[in-house]
Structure formats: structure tokens, C-alpha cells
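Lettering follows sequence order; numbering is per chain, from 1. Keep in mind that the numbers below use all heavy atoms, side chains included, and drop hydrogens, waters and symmetry copies.
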Amino acid sequence: MKLVTWNVNSLRARLKRVVAWLERHAPDVVCLQETKCPDDLFPARDLEVAGYRATFTGQKGLNGVAILTRIETTAAPVDVVTALPGTPRDPQRRFVEVVLPGEGGAEGLRVLCVYVPNGQAVGSDAYFYKLDWLSRLLAHLRTSHDPARPLVLCGDFNVAPTDLDVPSPEAYRDRLFATTPERRALGHLEAWGLVDALRARSPTGPGPFTWFDYAPGAVERDDGLRIDLIYATPPLVERLVEVTVDLDERRGDRPSDHAPVVAAFRP
DNA sequence: ATGGTCGGCATCCGA
């Protein structure tokens with residue numbers, strides 16, 4: 001089973017690249033963030049032609065997430081949730097969750113796809129919204145899910161989990177994406193039972209980075225951040241083969257500013 | 001030492 005998480009920075013602007021990528025790699029599960037696409041304009045037909053079912057929630061201009069599943073290999077999603085549980089309802093479209101039923105009574109896979117708020121600047125209202133959003137995500141896991149079951153939580157977390165995930169720990173000390181409260185929030189997710197899949201297989205750094213600024217030369221200088229993460233519960237980590245960052249997809253003509261992160265699992 | 005680029009939407013904002 002191959003799963004990818006990818007912040008596409010506008011699905012409609014990226015559609016040709018996304019479809020070409022899906023045809024080249026044939027992933028079974030695809031978690032997309034920043035689709036920037038209202039539901040009535042979501043390119044479901046184009047994705048279906050490419051062989052994928054889509055579960056999505058979006059809004060005009062900003063945010064938006066989707067989970068695509070390969071029709072040929074994957075059962076239709078059930079138990080769909082399209083907003084981060086909790087009150088008040090989050091007005092921003094940043095969360096989608098599905099269950100992919102297993103074959104012949106086998107246990108299914110729960111998939112959560114998130115686009116964590118950026119946070120704008122340390123100490124800003126947006127920063128506290130980000131921390132609050134992460135604590136609501138933790139509360140949802142604690143109240144509704146079980147780390148002993150197969151579950152993946154993946155997406156753009158807008159947090160570099162450790163000093164291995166930034167180019168220079170000194171330069172990033174207490175900066176947005178690397179502050180203690182942001183990292184503590186990820187630490188709580190890990191304490192609940194999630195494992196950072198890439199770091200489990202690639203224990204040294206710095207990097208690999210998944211996001212690079214559009215400013216010229218950022219990719220060549222390897223001046224990025226690792227903020228696109230695949231968290232998995234232990235029964236899935238047991239089946240984890242490898243996790244890779246497709247840096248090629250960050251190059252060339254009009255790429256997203258994020259590279260796809262791909263995890264392969266044994267059946 | 002500074003600031004560079006995108007996408008969506010409207011001539012600026014968020015990233």
C-alpha cells in the first residue's frame with residue numbers, strides 16, 4: 001500500500017502535474033492540502049478519469065483538503081468526516097477523515113488528512129488559532145480513536161518537529177514552525193501513540209525537507225523545512241517499508257512549494 | 001544586508 005501526502009498549493013493550478021504524478025506513481029491513498037477549491041469547482045471528474053475517487057472539503061481561495069483513493073485497489077471510503085470535531089465548528093476547511101474498509105473482513109485503515117494553520121507570526125491571533133487547532137486535533141484522537149488500530153494522520157503540519165527538520169537550529173530558534181509550544185503540540189500527538197514515519201526510517205538529518213520557499217535557489221541550497229508529515233499508529237509502523245520525499249516534483253515548471261511525501265507499507 | 005515567488009482574487013492577502 002502506497003500513501004502520499006502533498007500540499008499542492010491550488011489543485012486547479014496544479015491539476016496537470018497532479019494527474020501526471022498519479023499516473024507515474026499509482027499511489028493507493030493520496031492526501032492533498034491547500035486545494036484552494038470550493039466544492040462545486042472540485043475537479044472530481046478529471047481525477048476519476050485518472051482512476052481516483054475523491055473525498056473533499058474546500059472553500060473559495062484558501063485552505064481545502066482532499067483524500068483520493070485508487071478505485072482499482074481501494075474500497076470506497078466510509079465514515080467520512082469533513083470538519084475538525086469540536087465546538088464551535090471550525091470555519092476553515094482544514095480536516096478530512098475517512099475509513100478505507102479492509103478486504104474480506106480485514107481491519108480497515110483510518111486516514112486523517114490535515115492542513116494545520118500556518119500561524120503567521122509567533123504570538124499573533126493566527127498563532128494561537130494554530131495551537132488551539134492542534135489541541136482540538138489531539139482531543140479528537142483521544143476521544144474518538146485508538147492507537148492500537150491502524151490509523152494514519154498526515155498532512156501539512158506547518159511545524160518542524162525537531163531541530164533535525166530545519167536547516168539551522170540556531171537560525172530557527174523560537175521562530176515560527178519551530179517554537180516550543182508548536183513542537184510540544186506534536187509531542188502530545190506522539191505521546192498518544194503516533195510515530196513520525198519518515199523519522200522512524202531516516203533517523204539522521206538535517207532533512208529531508210518537504211517545503212521550500214519559491215525564492216530562487218532555495219531547493220538548490222537545500223534551504224527548506226520538513227513540515228509535511230505522515231504519522232502512523234504502531235500496527236501500521238510494523239508494516240512500514242520506506243518513506244521518501246519526491247524532490248523532483250518540487251522542480252521544473254510551476255511546481256507546488258511542497259514536495260510529495262510517500263510511504264510504502266507491506267500488505 | 002536585503003529580498004527574492006506564488007495563487008487567488010482583486011489591485012492586496014496569505015503563504
J.: Below 30° counts as parallel, above 60° as perpendicular, anything between as tilted: where do the rings of A/W6 and A/W21 land?
T.: tilted
J.: Quick check on B/dG7: is either OP1 or OP2 less than 4.0 Å from any side-chain nitrogen or oxygen of A/R14?
T.: yes
J.: Which part of the nucleic acid, if any, lies within reach of A/Y115 when heavy atoms closer than 4.0 Å are counted: base, sugar-phosphate only, or nothing?
T.: sugar-phosphate
J.: Give the rounded distance in Å between these two atoms: CG of A/D125 and P of B/dG14.
T.: 12 Å
J.: Taking only the C1' atom of each, what is the distance from B/dA15 to B/dC9 in whole angstrom?
T.: 15 Å
J.: Between B/dG7 atom P and A/Q33 atom CD, what is the distance in whole Å?
T.: 17 Å
J.: Can you tell me how far P of B/dT5 sits from CG of A/N7, to the nearest Å?
T.: 20 Å
J.: Please determine, for the side chain of A/Y214, which listed nucleotide (B/dC9, B/dA15, B/dC6) has the closest atom?
T.: B/dC6
J.: For nucleotides B/dG4 and B/dC12, find the distance between their P atoms and express it as a whole number of Å.
T.: 16 Å
J.: Specify the separation, in whole Å, of atom OH of A/Y127 and atom C1' of B/dG14.
T.: 19 Å
J.: Between B/dA15 atom P and A/N9 atom CG, what is the distance in whole Å?
T.: 11 Å
J.: Using whole Å, report how far CG of A/L176 lies from P of B/dA15.
T.: 10 Å
J.: Go through B/dG7, B/dA15, B/dG4 for me and flag the one nearest to the A/R221 side chain.
T.: B/dG4
J.: What residue among A/V116, A/N158, A/L131 forms side-chain contact (heavy atoms from CB on, under 4.5 Å) with A/E182?
T.: A/L131
J.: Can you check the distance between B/dT2 and B/dC6, where both ends of the measurement are the P atom (answer in whole Å)?
T.: 23 Å
J.: Figure out the CD/P separation between A/Q59 and B/dG14, and round it to whole Å.
T.: 13 Å
J.: Relative to the 5' end of DNA chain B, which residue comes earlier, A/N158 or A/K60, by the nucleotide with the nearest heavy atom?
T.: A/K60
J.: When the nearest nucleotide of DNA chain B is assigned to A/D257 and to A/K36 on a heavy-atom basis, which residue is associated with the more 5' position?
T.: A/K36
J.: How far does the P atom of B/dA1 sit from the matching atom of B/dG7, given to the nearest Å?
T.: 32 Å
J.: From B/dA15, B/dT5, B/dG8, pick the nucleotide closest to the side chain of A/P216?
T.: B/dT5
J.: Please check: side-chain N/O of A/R199 versus main-chain N/O of A/S202, any donor-acceptor pairing under 3.5 Å?
T.: yes
J.: Which of these nucleotides, B/dG7, B/dG4, B/dA15, is closest to any side-chain atom of A/R254?
T.: B/dG7
J.: Hydrogens and angles aside, do A/Y214 and A/N9 bring a side-chain donor and acceptor to less than 3.5 Å of each other?
T.: yes
J.: Classify the angle between the aromatic ring planes of A/F95 and A/H140 as parallel (below 30°), tilted (30 to 60°) or perpendicular (above 60°).
T.: perpendicular
J.: Atom CD of A/E220 to atom C1' of B/dT5: distance rounded to whole Å?
T.: 14 Å
